[in-house]
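Input: a single structure, listed below in structure tokens.
Worth saying up front: this structure is predicted, and the values here are computed from it rather than measured.
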Amino acid sequence: MQVIFESRHHDGSELREQAVARVRFAMRRLSALVPRAKVRLSDVNGPRGGVDKRCQLALSTVGAGEVVITTLAQDWRTALDLSLGRATRALKRALRRQQKPARTRWTSRAIEP
């Protein structure tokens with residue numbers, strides 16, 4: 001799996017190796033379906049503080065297209081963990097939709113000889 005990391009903020013850039021490792025760990029079972037993941041960390045408010053750390057996680061999947069999850073949190077690690085949790089749930093849901101056959105309508109007609 002290819003993991004692309006982007007951050008313009010200095011503190012976010014320090015989390016590069018940790019973020020790449022967290023993404024690979026969270027997607028280890030789904031790695032055959034996710035050939036590429038893109039992690040983008042940004043600070044919404046700048047130095048003002050508050051709940052302003054944004055993690056945008058874009059997963060390019062084989063069967064479900066692109067899944068994009070955006071999360072805001074107090075710090076980047078929490079935002080990344082929340083995004084990964086939401087992304088794995090979304091991918092599992094998409095997998096279940098693909099594997100589940102469509103329901104067919106049965107009619108109760110009598111078979112005539």
Can you list the steps and then say if Val44 with Leu72 is a side chain to side chain contact (heavy atoms under 4.5 Å, CB included)? CA-CA 9 Å; Val44 179; Leu72 289 174; 3.8 Å; yes
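- There is no path of hydrophobic side-chain contacts, each under 4.5 Å, that joins Leu41 to Leu82.
- The number of heavy-atom neighbours closer than 6.0 Å to CD of Glu17, taken from other residues, nucleotides and ligands shown, is 12 or below.
- With rounding to the nearest 0.5 Å, the separation of OG1 in Thr88 from CZ in Arg93 is 10.0 Å.
- For Arg77, the CZ atom counts as loosely surrounded, since its 6.0 Å shell holds 12 or fewer non-hydrogen atoms of other residues, nucleotides or ligands.
- Counted within 6.0 Å of CZ on Arg28, heavy atoms from surrounding residues, nucleotides or ligands total more than 12; the atom is thus considered enclosed.
- Considering CD1 of Ile4 and CZ of Arg40, their distance stands at 10.0 Å, rounded to 0.5 Å.
- A pairwise comparison of heavy atoms in Ala79 and Lys53 identifies CB-O, 3.8 Å as the closest pair.
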Exercise. Should Gln56 and Val68 be marked as a side chain to side chain contact (heavy atoms under 4.5 Å, CB included) after you check the CA-CA gap, both sets of side-chain angles, and the distance that decides it?
Worked result: CA-CA 7 Å; Gln56 184 176 17; Val68 180; 3.5 Å; yes
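- Using a 4.5 Å heavy-atom threshold, the side chains of Lys38 and Leu57 count as separate.
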(message) For Arg24 and Val3: C-alpha separation, side-chain torsions, deciding distance, then whether side chain to side chain contact (heavy atoms under 4.5 Å, CB included) applies.
(response) CA-CA 8 Å; Arg24 288 202 172 138; Val3 180; 3.9 Å; yes
Could you go step by step and tell me if Asp43 and Arg54 meet the salt bridge (charged side-chain N to carboxylate O under 4.0 Å, His left out) rule?
CA-CA 6 Å; Asp43 193 353; Arg54 177 186 294 153; over 6 Å; no
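- A donor-acceptor pair shorter than 3.5 Å can be found between the side chains of Thr78 and Asp75.
- Counting only heavy atoms from C-beta outward, the side chains of Met27 and Leu59 approach each other to under 4.5 Å.
- Using a 4.5 Å cut-off on side-chain heavy atoms (C-beta onward), Ser60 and Val34 make no contact.
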